[in-house]
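Residue numbering restarts at 1 for every chain, and letters A, B, ... go by the order of the sequence lines. Computed from heavy atoms alone, side chains included, the values below leave out hydrogens, waters and symmetry copies.
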There are 2 protein chains.
Amino acid sequence: MSTDTKSAVLDSAERIARACGFDGFSYADLAEEVGIRKASIHHHFPTKAALAVTLMQRYHKTLDEACTHIVVTEVSGSAQLRAVVDQYRSALDGGKSLCLCVAFSTSRESLPADVITQISRFRTMMITWLKEIFEAGKADGTITLVGDPPMEAAAGLALMEGAQLAARAEETPALFENAMQLLLQRCS
Amino acid sequence: MSTDTKSAVLDSAERIARACGFDGFSYADLAEEVGIRKASIHHHFPTKAALAVTLMQRYHKTLDEACTHIVVTEVSGSAQLRAVVDQYRSALDGGKSLCLCVAFSTSRESLPADVITQISRFRTMMITWLKEIFEAGKADGTITLVGDPPMEAAAGLALMEGAQLAARAEETPALFENAMQLLLQRCS
DNA sequence: GTCTATATGTGGATAGAC
DNA sequence: GTCTATCCACATATAGAC
């Protein structure tokens, strides 16, 4: 039961944090969703800071693996880029959720320093993947480039995160699609 | 800046809300910054919901007027677009602040319904201005368009908001610049 | 309009029994 | 590992004196 409970807490924390932000979830919320008491959550994660760090580490690993899978599975640059966009679309969950990195970013003042470091690492990782994908799209001619790959990567991540934010605020997935059109039409 | 207490409270609330988000600021914070007691804040704004609505209304008006000024002052489409980007850059305040709309968006679950309506109106307004600006840039040939103006407008807003978010999370304004390069290089 | 005082709920976190 | 019970700080909000 021990290891199971710990991941149940993490699953619950990720869900609520991505829906409500860092300041928007509490141990009481987790306790109710997991079905144990607040004190038991503290047994697994002594502080909220520790929980948030573990959450970001797990999220980083998951996304890194997802991108590795995309790059080895999809053959063309455009197909890889569309797959990454699909990833952000599904993370939106119909406008009810955000990427954990986006969800945490507005709460900088209340975040433990470790989590800010994790956020930085996460965006660096995503930009590295996107740069690689834009390079592939340039090489195989399946993406129409407007700037060089590093520039495209930085803009691409900001675009996806900003599109998520608008769609989440109004629980309207169409706002995500509207913002992504310009990028997607450049993929053959 | 503010002659009366009510606008002093609004100024303070806007500053802290843009730095910390909706769940990240309290009446105690405002009271300390303005130099009066919490109960006095409640005299001007009975609830936090009422304060947030007033805040968004004022912010909407300010930005709408700023865009009007930009469009009548700057002659070319590219100059207008650069001026809007300047607006978002200065709203960042060196990585210490966000656009109020961005700052509120991740806290959807705790926001009063009125504020969500205001957020929707705000983004619609900004997209309308951007569409007009991209149309001007297309007509005078000072912006290289990648899609039609409505598409460019939706992507442009998401890009600026996403770029702010990353720069704010790490208090690193360069991250905003990195994400904006691709757009700015399309302006003559 | 601003104050003191207070009500009432919730936040994260701990002690110690089982 | 999980529980009950409790701590203390802080949240929004109200009552009523000045």
Whole Å only: how far is the [atom1] atom of [X] from the [atom2] atom of [N]?
X	N	atom1	atom2	answer
A:L111	C:dG12	CG	P	14 Å
A:E32	C:dT10	CD	P	11 Å
A:L30	D:dT2	CG	P	14 Å
B:L51	D:dT12	CG	P	10 Å
B:I41	D:dA11	CD1	P	13 Å
A:R37	D:dA5	CZ	P	10 Å
B:H43	D:dA17	NE2	C1'	15 Å
A:F22	C:dG11	CZ	P	13 Å

From the list [options], which nucleotide is the closest neighbour of the side chain of [X]?
X	options	answer
A:A39	C:dT14, D:dT12, C:dG11	C:dT14
A:S40	D:dT2, C:dC3, C:dA13	D:dT2
B:H42	D:dA13, C:dA13, C:dG11	D:dA13
B:Y27	C:dA13, D:dA13, D:dT2	D:dA13
B:K48	D:dT12, C:dG11, C:dG12	D:dT12

Decide whether B:T117 and B:D114 meet the rule of one side-chain donor and one side-chain acceptor closer than 3.5 Å.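 Not at all, the side chains of B:T117 and B:D114 share no donor-acceptor pair under 3.5 Å.
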Considering only NZ, NE, NH1 and NH2 on the basic side and carboxylate oxygens on the acidic side, decide whether [X] and [Y] come within less than 4.0 Å.
X	Y	result
B:E109	A:R168	yes
A:R89	A:D86	yes
B:R58	B:E14	yes

Select base, sugar-phosphate, or nothing to describe what A:F45 touches, counting heavy atoms under 4.0 Å on all strands.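 It contacts nothing in the nucleic acid.
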Measure the shortest side-chain to side-chain distance between A:F45 and A:L55 over non-hydrogen atoms and say whether it is less than 4.5 angstrom.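 Side chain of A:F45 against side chain of A:L55, heavy atoms only: no contact under 4.5 Å found.
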Presence of [X] side-chain N/O under 4.0 Å of [N] phosphate oxygens OP1/OP2:
X	N	answer
B:H44	C:dT2	yes
A:S26	C:dT10	no
A:T5	D:dT2	yes
B:T47	D:dT12	no

